[in-house]
Structures are given as structure tokens and as C-alpha cells.
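Remarks on the structure that follows.
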Amino acid sequence: MAKAVVIVGTQWGDEGKGKIVDLYAEDADVIARFQGGNNAGHTLVVKGEQTILHLIPSGILHNNKICIVGNGVVVDPKVIIQEIDDLKSRNLFPPNTNLFISETAHIIMPYHRRLDSARESRKGHKKIGTTGRGIGPCYEDKVARVGIRFCDLLDDKIFREKLNRNVEEKNFFLTEYFKEEPVDEQTIYNEYRIYADRLKQYVTDTSIIIAKEITNGKNILFEGAQGCHLDIEHGTFPFVTSSSTVAGNACCGSGVGPTEIDSVIGICKAYTTRVGEGPFVTELTDDIGNRIQEVGKEFGATTGRKRRCGWLDIVLVRQSVRVSGITGIAMTKLDVLTGIETLKICVGYKIDGKEFTESVPSNLQIVAQCQPVYEEMDGWTEDISKARNIQELPTNARKYVERMEELAGVKVFLVSVGAGRDETIIVENPFAD
Ligand code: GDP
Ligand code: IMO
Ligand code: MG
């Protein structure tokens, strides 16, 4: 039976979605991104060789697949062209794998990047810590109904008109409000005409492609970017990204109905990380935090920034399980915890005798005063990177996985014990009948 599986992050991004999508792509026929843009950085390690993808779906290394950049993604054409060229030059773009970009995906323009960074500079210490890729301003234009889509870019007259109107407005903001230099319309026009010529071969109605593949009994894998707590609706607003990152948006962002989805796999790091600003109740600023950051090589795959690190936070995970309808968890980076004597799992947030266990409070001033409630567990010292089934894990590592499973209320489908594709313990395959 054909299956449609959605992958989402359960924390604040960088949970290891790229690795798991690459692994599951073996069983999928279509791999589709449905939101976000090149704020994402998804890392794949195959036979020791690392590839970081920002826009192209993480199924691209497999032959005979269809990779789709869905309508909900915001695309920086320069970045996707670089990505295509890079994969081709490294001989990593398989001959029978096809890439398609939705004709209604919105396009990131130079003024989006400029506005993103101008806003962040102006906010000073109140900044969000965005990736500076123009993601927010591009989604703003979409919602304001002035954004430029691929179908607009490919029609010279419409592109010219829309560009003209947008540049006029954005330059007003840039020069009058931010006191910065304007952008030049003709330069942008010339640059984007070249991108249009390069990318037109990939642009099409991708919703129809997915529908046909579903009808033909093919397996579909939806690749979420960021994580549930960076969601514009359900995340730690305003310290979030500008798209909906939860599983429900896999449908809207790719043009598929909700009745087609069979299961949702939530990717959860064995600890928690966050890049950029915003609340983080289990953050560690001590030696253990530094150790996790170093051993886990926790640097942003997009911006290179150091990721903040902390203990596993079940409040985050439970909320994600609920809002994304998660049916299975893939726990990643368990190997990073090896050698820590006592591990902690946060099972609730306490404030004034009250405890939050199901959701992060929406008032961030309350979150700032919350104290984590921890359960302690004994760690392990054995190297677990060679384990390929649960029984091969040391007892305490197994207990840690089982405890998180109990606390989250969802079965663990997979445990990742290293960055490589094969450094994985598969408990259950979401594509199996
Ligand atoms: P994504 O954005 O969710 O795809 O995650 P990133 O690629 O930004 O960050 C995850 C990082 O952890 C990458 O460097 C991966 O290669 C690495 N990684 C993934 N799974 C594991 C694992 O189980 N163990 C270790 N040590 N590294 C892992
Ligand atoms: P992947 O898909 C981690 C964070 C930024 C910032 C906030 C808003 O690799 O997990 P934006 O540029 O989106 O307006 O920034 O969101 N952020 C991510 N953090 N992983 C990501 O993607 C992220 N994409 C955005 O650091 O705090
Ligand atoms: Mg990432």
C-alpha cells in the first residue's frame, strides 16, 4: 500500500531532519519540501561525504526519485541554482531523479534580504536572530498579496510590473525609514531574467505531479524545515520563523488534501538546541552545555552560528506531538550524550506552584520565570555508534530512549547514533505495510 509520510522537527530546528529524510527517501518515490526556504540547512552524510541542502529536498542523492519544491516554500533563485550546480559538479545529481519547483512558490528578492537585515539591526538587543535570508519579508509579501511567484517571473510583462511596484515601495522603506541605500530595479531585473532562463525547465504545477503519483500507488515523503516551536502559529512567538512548520502545512504547502497523509514522524534530538534568540527553559550555560555543543558539533548549517544547547525538554515534544499529530519519533544524536554521568529530562515547567507539562506558556514573560522540573537518569560510557538494533545499546541508553517514549506518549521508530546514513537503529519503518 502506498504511504504518505510527513517529517517534522519537534524542537527549534536542526534535529537531524536531513539525515532521516535521506534515509527514508530510499522507500519513497516523491520527496517534497512544503515550507521555509534557505533558512533551512539539512545535512546528509553518505559514505563519509557531507552535503548540506538548503532548498533542494533531501531525497536528491537517490536515483529514480521526484524531488519537489512545493508552493509553500520561498525560493531564492540564486541559492537553488548554486545548489543544483554544486550537486552536478560533485556528480551527486542522479540521472533519473527529477527536480520540480512549484509555479506558485514565492521568490526571495534582494530587497527581502535587505529588509530582513535592516530590521534586525534596528531592533538591536530585541532582534530575533534571523538567518538574514529574507524569509520573513518574502512571506510578508505573499500575505500582502504583492509577492512575485515563479509563474510571474516567467512572464516578462507581469514580472516587470510587479518588480516596479515592489521596488518603489521597498525603496521607500529602505531610504526613508531605515536610512539605507535603495535597491536598483534594472539591476534586479537583469539578474532575475538570467535566473528565469536557468530555472524555467524545473517550474510546473507540482500539486498535480504529487496527485498523479499518489494515484499510481507511489510513496510520498514530505520534508519539513525548522521545527514545531519555530512555527508562526504554535511556536515561541515572536522568536519564530515566518512559515507554518507543523505537519498540517505539508498539505497546504504542497497542494495535497489532509486525507492523503498516513503518518507523521517527529524528529527529536536526544537533547535540545536553538539558534538565534528566544526562550529556552532547559538551556545549559555550564560545562555540560559546552560539552554537548562541542561533541554534537552544534554549529548552524546555514549561518555557522554556535547553537545554544540544553537538556531534552518533554514539554516541547508533547506540544509538538499534539499540534503535528505525530505518530512516531525518530530520536537523533543519542551518541552525543555518551559519557555524561547523570542525564536530565525536563518533564514540566514550574512557576508559582503551577506546573506546565503540555505546552510552553504563550506569554514569554511567564516562560522567562519558569523553572524546569527534571527527572534524572544514569548515563552510559560505552561507544554506541556501532549499535544497529536497540538490544545493542547499553541498558542506560535503552532506558533513556524508553523513558522519552513513555513521556512523549509516542513510539520511537528510529534511533540515530551518528551522522552517517547507516549509523541508525531502525525500530519500525513508516512505509512498511
Ligand atoms: P536538520 O536541519 O534538522 O536537517 O539538522 P542539521 O543538519 O542542521 O543538524 C544536524 C547535525 O547533526 C548535522 O551536522 C548532522 O550531520 C548531524 N547528525 C544527525 N544525526 C546525528 C546523530 O545521530 N549523531 C551525530 N553525532 N550527529 C548527527
Ligand atoms: P532547519 O530546517 C534552526 C531560526 C533562526 C531564527 C528564527 C527566524 O535547518 O532546522 P528566519 O531566518 O527563519 O526568519 O529566522 O528561526 N531558524 C532556524 N533554526 N534550524 C532552522 O532550519 C532554522 N530556520 C530558521 O535562527 O532564530
Ligand atoms: Mg538545520
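Every number for a ligand or one of its atoms is a count from 1 in the order of the listing.
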Legend entry - Check: Glu15 N/O within less than 3.5 Å of ligand 2 N/O: no

Inset, instruction - Check each atom of ligand 2 against the heavy atoms of Ala40 and keep those under 4.0 Å away; list them by number with element. - result: 1 (P), 2 (O), 9 (O), 22 (O)

Inset, instruction - Run the contact test for Lys17 against ligand 2 with a 4.0 Å cut-off on heavy atoms, strictly below, and give the result. - result: yes

Inset, instruction - Could you list which atoms of ligand 1 come closer than 4.0 Å to a heavy atom of Arg307? - result: 6 (P), 8 (O), 9 (O)

Inset, instruction - May I ask you to check if ligand 2 and Gln226 share an N or O to N or O distance below 3.5 Å? - result: yes

Inset, instruction - With side-chain contact (heavy atoms from CB on, under 4.5 Å) as the test, would you mind laying out the steps for Ser359 and Arg322 before giving the verdict? - result: CA-CA 9 Å; Ser359 274; Arg322 187 178 68 250; 2.7 Å; yes

Inset, instruction - Assess Gly41 for proximity to ligand 1: is some non-hydrogen atom of it under 4.0 Å away? - result: yes

Legend entry - Numbered atoms of ligand 2 (with element) below 4.0 Å of Trp12, judged on heavy atoms: 3 (C), 19 (N)

Inset, instruction - Using a strict 4.0 Å cut-off to heavy atoms of His42, name the atoms of ligand 1 that fall inside it. - result: 1 (P), 2 (O), 4 (O), 7 (O)

Legend entry - Mutual orientation of the aromatic rings belonging to Phe159 and Tyr192 [parallel < 30°, tilted 30-60°, perpendicular > 60°]: parallel

Inset, instruction - Report the nearest protein non-hydrogen atom to atom 3 (C) of ligand 2: residue, atom name, distance rounded to 0.1 Å. - result: Asp14 OD2, 3.2 Å

Legend entry - Close side-chain approach of Leu92 and Ile60, heavy atoms under 4.5 Å: no

Inset, instruction - Identify the protein heavy atom lying closest to atom 26 (N) of ligand 1, giving its residue, its atom name and the separation to 0.1 Å. - result: Asp335 OD2, 2.8 Å

Legend entry - Heavy-atom gap Gly41 to ligand 2 smaller than 4.0 Å: yes

Inset, instruction - Under 4.0 Å from a heavy atom of Gly418: give me the atoms of ligand 1 that qualify, with their elements. - result: 20 (N), 21 (C), 22 (C), 23 (O), 24 (N), 25 (C)

Inset, instruction - Determine, stepwise, if the pair Asn39 / Thr302 fulfils side-chain contact (heavy atoms from CB on, under 4.5 Å). - result: CA-CA 7 Å; Asn39 47 351; Thr302 296; 5.7 Å; no

Inset, instruction - Would you check if Tyr24 and Pro430 make a side-chain contact, meaning some heavy-atom pair closer than 4.5 Å? - result: yes

Inset, instruction - Check each of Arg274, Arg305, Gln293, Lys269 against Glu298 using the side chain to side chain donor-acceptor pair (under 3.5 Å) test, and report the only one that passes. - result: Lys269

Legend entry - Where ligand 2 meets Gly276 - atom numbers and elements under 4.0 angstrom, heavy-atom basis: 27 (O)

Legend entry - Structural part of Val240 in contact with ligand 2, heavy atom criterion under 4.0 angstrom: backbone

Inset, instruction - Answer yes or no for Lys306 and Phe299: cation-pi contact, defined as NZ/CZ to six-membered ring centre under 6.0 Å and angle to ring axis within 45°. - result: no

Inset, instruction - State the atoms of ligand 2, each with its element, that fall below the 4.0 Å cut-off from a heavy-atom position in Asn39. - result: 12 (O), 13 (O), 22 (O), 23 (C), 24 (N), 25 (C)

Legend entry - Protein contact to atom 15 (O) of ligand 2 [nearest heavy atom, distance to 0.1 Å]: Thr130 CA, 3.3 Å

Legend entry - Polar atom proximity, Gly16 to ligand 1 (N or O, under 3.5 Å): yes

Legend entry - Polar protein atoms (N, O or S) that approach the Mg ion (ligand 3) to under 2.8 Å: Asp14 OD1, Gly41 O

Inset, instruction - For ligand 1, note which part of Val417 has a heavy atom under 4.0 Å away: side chain, backbone, both or neither. - result: backbone

Inset, instruction - Heavy-atom contacts with Ser416 under 4.0 Å: which atoms of ligand 1 show up? List them by number with element. - result: 20 (N), 21 (C), 22 (C), 23 (O)

Inset, instruction - For the pair Glu120 and Lys127, evaluate salt bridge (charged side-chain N to carboxylate O under 4.0 Å, His left out) and give the outcome as yes or no after the intermediate values. - result: CA-CA 5 Å; Glu120 286 281 277; Lys127 70 181 197 302; over 6 Å; no

Inset, instruction - Identify the protein heavy atom lying closest to atom 4 (C) of ligand 2, giving its residue, its atom name and the separation to 0.1 Å. - result: Leu230 CD1, 4.0 Å

Legend entry - Close-contact set for ligand 1 against Gly18 heavy atoms, below 4.0 Å: 4 (O)

Legend entry - Heavy-atom nearest option to atom 17 (C) of ligand 1, drawn from Lys333, Glu423, Lys19: Lys333

Legend entry - Nearest candidate to atom 18 (N) of ligand 1, where distance is taken over non-hydrogen atoms, out of Gly227, Ala419, Gly420: Ala419

Legend entry - Shortest reach to atom 3 (O) of ligand 1 by a heavy atom, considering only Gln226, Glu223, Lys17, Gln11: Lys17

Legend entry - CA sep, side-chain torsions, deciding dist, call: Leu221, Val30, side-chain contact (heavy atoms from CB on, under 4.5 Å): CA-CA 6 Å; Leu221 183 59; Val30 178; over 6 Å; no

Inset, instruction - Kindly check if the number of other-residue, nucleotide or ligand heavy atoms within 6.0 Å of OH (Tyr374) is above 12? - result: yes

Inset, instruction - Can you sort out which atoms of ligand 1 are near Ala301, meaning under 4.0 Å from one of its heavy atoms? - result: 8 (O)

Legend entry - Per-residue contact class, Thr43 against ligand 1 - non-hydrogen pairs under 4.0 Å: both

Legend entry - Residue, atom name and distance, where the atom is the protein heavy atom closest to atom 26 (O) of ligand 2: Arg305 NH2, 2.9 Å

Inset, instruction - Just need the protein heavy atom nearest to atom 13 (O) of ligand 2, so name the residue and atom and give the distance. - result: Thr241 OG1, 2.6 Å

Inset, instruction - Provide, to 0.1 Å, the distance between atom 27 (O) of ligand 2 and the closest protein heavy atom, together with that atom's residue and name. - result: Val275 O, 3.1 Å

Inset, instruction - Answer with side chain, backbone, both or neither: which part of Phe239 has a heavy atom less than 4.0 angstrom from an atom of ligand 2? - result: neither

Legend entry - Protein contact to atom 10 (C) of ligand 1 [nearest heavy atom, distance to 0.1 Å]: Asp14 O, 3.8 Å

Legend entry - Passing candidate, salt bridge (Lys or Arg N to Asp or Glu O under 4.0 Å) with Lys411, options Glu405, Glu428, Glu406: Glu428

Inset, instruction - Check whether any side-chain heavy atom of Tyr400 lies under 4.5 Å from a side-chain heavy atom of Leu343, and answer yes or no. - result: yes

Legend entry - Close approach, His42 and ligand 2, non-hydrogen under 4.0 angstrom: yes

Legend entry - Closest approach of Ala25 to His62 (non-hydrogen atoms, all atoms of both residues): CB-CD2, 3.6 Å

Inset, instruction - Just need the protein heavy atom nearest to atom 5 (C) of ligand 2, so name the residue and atom and give the distance. - result: Gly129 O, 3.6 Å

Inset, instruction - Write down the atom of Lys17, the atom of Glu15, and the distance for their closest heavy-atom approach. - result: NZ-OE1, 2.8 Å

Legend entry - Short side-chain donor-acceptor distance under 3.5 Å, His125 and Glu277: no

Inset, instruction - Give the residue, atom name and distance (to 0.1 Å) of the protein heavy atom nearest atom 12 (O) of ligand 2. - result: Thr131 OG1, 2.6 Å

Legend entry - Ligand-side contact atoms (ligand 2) for residue partner Ala225, heavy atom cut-off under 4.0 Å: 2 (O)

